[in-house]
Amino acid sequence: MVDQSSGSTPVDKEDNWGYDLYPERRGEAAQAKWWQVALFGAGQVKTEKTVCERNVYNCFENSPLVKLMYSALKASGCEIDLRRHIACEVCDVKVSGGYDPRLNQIVICQNIARSKGMVQAILTHEMIHMFDACRHELNFKDVNHLACTEIRAANLTHCSFISALSQGDASFFRIQKQHAECVKNKALASVLAVRPDVTKEEALAVIDKVFLKCYNDLEPIGRRVRRNSADMFRAYNERGNYGYE
């Protein structure tokens with residue numbers, strides 16, 4: 001894609017993959033929808049941002065997983081500054097959050113992620129990407145790297161047996177396969193969302209290619225976190241096993 005503005009420098013379309021989902025990343029001011037103005041007044045966007053930022057701060061203070069990821073990033077030389085590395089923004093309804101490797105910044109979609117639980121899930125997921133970028137020098141233009149980090153994030157923070165059942169990814173007759181299928185489906189959706197140049201068949205082929213190695217890499221959480229379990233507290237208490245404070 002080429003920037004058509006006067007005097008601008010042409011931009012490789014690869015640099016903008018996924019940025020259409022985050023209008024504020026492109027310099028567009030967030031605007032309240034007509035129904036938001038009618039129901040809540042013109043200040044709705046500012047209110048959403050305030051609530052989002054409070055939820056982010058709460059997660060960094062109280063969430064075992066977020067605190068664990070913070071410790072892992074700090075130990076890896078990539079300590080997070082909330083004012084610099086976390087941004088609450090209005091996004092396309094197709095996404096709830098994202099990681100911007102260009103700015104090394106996590107985006108929380110304030111118009112979608114309205115609860116502390118959802119903000120925690122997004123932060124942990126995107127902090128996996130940030131960790132991978134820090135430790136493994138990921139190239140997000142390389143679909144193999146992209147698929148691997150999406151597999152890891154889904155594996156460690158997204159999929160559980162209950163969530164897989166609710167999404168139609170599993171049945172009680174396929175218990176051993178359901179988690180892996182959930183991870184593959186989540187990774188596939190994430191890859192396709194930010195890479196419009198990749199077909200579903202191509203994405204599936206890459207995911208299958210890197211799956212075992214990336215699926216078995218549990219660092220830095222150390223375990224697959226099951227929904228409604230004590231796994232996140234166990235993971236936080238075991239952080240010393242990886243040398244995290």
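Side chains of His145 and Cys148 form no contact here, defined as non-hydrogen atoms less than 4.5 Å apart. Inter-residue side-chain proximity for Ile112 and Cys91 is flagged as unmet; no heavy-atom pair is nearer than 4.5 Å. Counting heavy atoms from C-beta outward, Met130 and Ile80 have side chains that approach closer than 4.5 Å. Side chains of His85 and Asn104 form a contact here, defined as non-hydrogen atoms less than 4.5 Å apart. By the 4.5 Å heavy-atom criterion applied to side chains, Val191 and Val143 are counted as neighbours. Between Val107 and Tyr99, every side-chain heavy-atom pair lies at or beyond the 4.5 Å cut-off. The side-chain heavy atoms of Gln105 and Ile86, taken from C-beta on, include no pair separated by under 4.5 Å. Contact check for Asn144 versus Lys209: side-chain heavy atoms found under the 4.5 Å cut-off.
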Check against side-chain contact (heavy atoms from CB on, under 4.5 Å), Val51 and Gln110: CA-CA 8 Å; Val51 171; Gln110 65 191 50; over 6 Å; no
Salt bridge (Lys or Arg N to Asp or Glu O under 4.0 Å) between Asp197 and Arg195, worked out: CA-CA 5 Å; Asp197 62 313; Arg195 288 295 299 267; 2.8 Å; yes
Worked check of side-chain contact (heavy atoms from CB on, under 4.5 Å) between Lys186 and Glu150: CA-CA 8 Å; Lys186 176 63 175 175; Glu150 293 295 355; 6.0 Å; no
Chi angles and distances behind the side-chain contact (heavy atoms from CB on, under 4.5 Å) call for His179, Cys182: CA-CA 5 Å; His179 188 270; Cys182 174; 5.6 Å; no
Val95/Cys109 under side-chain contact (heavy atoms from CB on, under 4.5 Å): CA gap, chis, key distance, verdict: CA-CA 7 Å; Val95 292; Cys109 297; 4.1 Å; yes
side-chain hydrogen bond (donor to acceptor under 3.5 Å, both in side chains) evaluation trace for Ser63 with Gln120: CA-CA 7 Å; Ser63 166; Gln120 173 188 250; 2.6 Å; yes
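Pairing each heavy atom of Leu192 with each of Ala203, the nearest pair is CD2-CB, 4.0 Å. When every heavy atom of Ala75 is checked against every heavy atom of Gly243, the shortest pair comes out as CB-O, 4.4 Å. Of all heavy-atom pairs between Cys52 and Ile108, the closest is SG-CG2, 3.6 Å. Of all heavy-atom pairs spanning Tyr70 and Met127, the tightest one is N-CE, 3.5 Å. Considering all non-hydrogen atoms of both residues, Pro220 and Met69 come closest at CG-SD, 3.5 Å. Of all the heavy atoms in Ile128 and Thr149, the pair that sits closest is O-OG1, 4.3 Å.
Here the straight-line distance linking atom CD of Glu202 with atom CD1 of Ile207 works out to 12.0 Å at 0.5 Å rounding. Residue Tyr57 holds its OH atom at 9.0 Å from CG of Leu82, rounded to the nearest 0.5 Å. Separating the CZ atom in Arg234 from the CG atom in Leu68 is a distance of 14.5 Å, to the nearest 0.5 Å. Atom-to-atom distance recorded for Thr124:OG1 and Ile221:CD1 is 6.5 Å, nearest 0.5 angstrom. Atom CG of Asp142 is separated from atom CG of Leu146 by 8.5 Å, given to the nearest 0.5 angstrom.
Applying the 6.0 Å contact sphere to CZ of Arg83 captures no more than 12 heavy atoms from other residues, nucleotides or ligands. In Lys116, the NZ atom is not crowded: 12 or fewer heavy atoms of neighbouring residues, nucleotides or ligands sit closer than 6.0 Å. Other residues, nucleotides and ligands place no more than 12 heavy atoms under 6.0 Å from the CZ atom of Arg54.
Leu218 and Leu212 are not part of a single hydrophobic cluster, where members link through side-chain heavy atoms under 4.5 Å apart. Tyr242 and Met232 fall within a single hydrophobic cluster, where Ile, Leu, Val, Met, Phe, Trp and Tyr are joined by side-chain heavy atoms under 4.5 Å apart, directly or via other members. Hydrophobic cluster membership is shared by Leu65 and Met118, with clusters built from Ile, Leu, Val, Met, Phe, Trp and Tyr side chains linked at under 4.5 angstrom. Val206 and Leu188 sit in two unconnected hydrophobic clusters of ILVMFWY residues. Membership requires side-chain heavy atoms under 4.5 Å apart, directly or through other members. In the hydrophobic cluster analysis, where Ile, Leu, Val, Met, Phe, Trp and Tyr join through side-chain heavy atoms closer than 4.5 angstrom, Val119 is grouped together with Val66.
Within the 3.5 Å criterion, the main-chain N or O of Ile106 finds no donor-acceptor partner in the side chain of Glu126. The backbone N or O of Asp217 lies less than 3.5 Å from a partner atom in the side chain of Arg152, making a donor-acceptor pair. At distances below 3.5 Å, at least one donor-acceptor pair connects side-chain atoms of Lys49 with backbone N or O atoms of Cys88. Between the side chain of His125 and the main chain of Ala121, no donor-acceptor pair closer than 3.5 Å is present. At least one donor-acceptor pair under 3.5 Å links the side chain of Ser71 to the backbone N or O of Glu245. When atom types are taken as modelled, the side chain of Asn155 and the backbone of Ile151 share no donor-acceptor pair closer than 3.5 angstrom. Glu61 contributes no side-chain N or O that, together with a main-chain N or O of Asn58, makes up a donor-acceptor pair within less than 3.5 Å.
Using cut-offs of 30° and 60° for the angle between ring planes, the His129 and Phe140 rings count as perpendicular. Aromatic ring pairs are classed by plane angle as parallel below 30°, tilted from 30° to 60° and perpendicular above 60°; the pair Phe131 and His136 is perpendicular.
Judged by a 6.0 Å distance limit and a 45° cone about the ring axis, Lys67 is positioned over the six-membered ring of Tyr236. Under a cutoff of 6.0 Å and an axis angle of 45°, Arg224 and Tyr215 form a cation-pi pair.
A donor-acceptor pair shorter than 3.5 Å can be found between the side chains of Ser76 and Arg135.
Salt-bridge formation is detected for the pair Glu48/Arg114: a Lys NZ or Arg NE/NH1/NH2 atom is positioned less than 4.0 Å from an Asp or Glu carboxylate oxygen.
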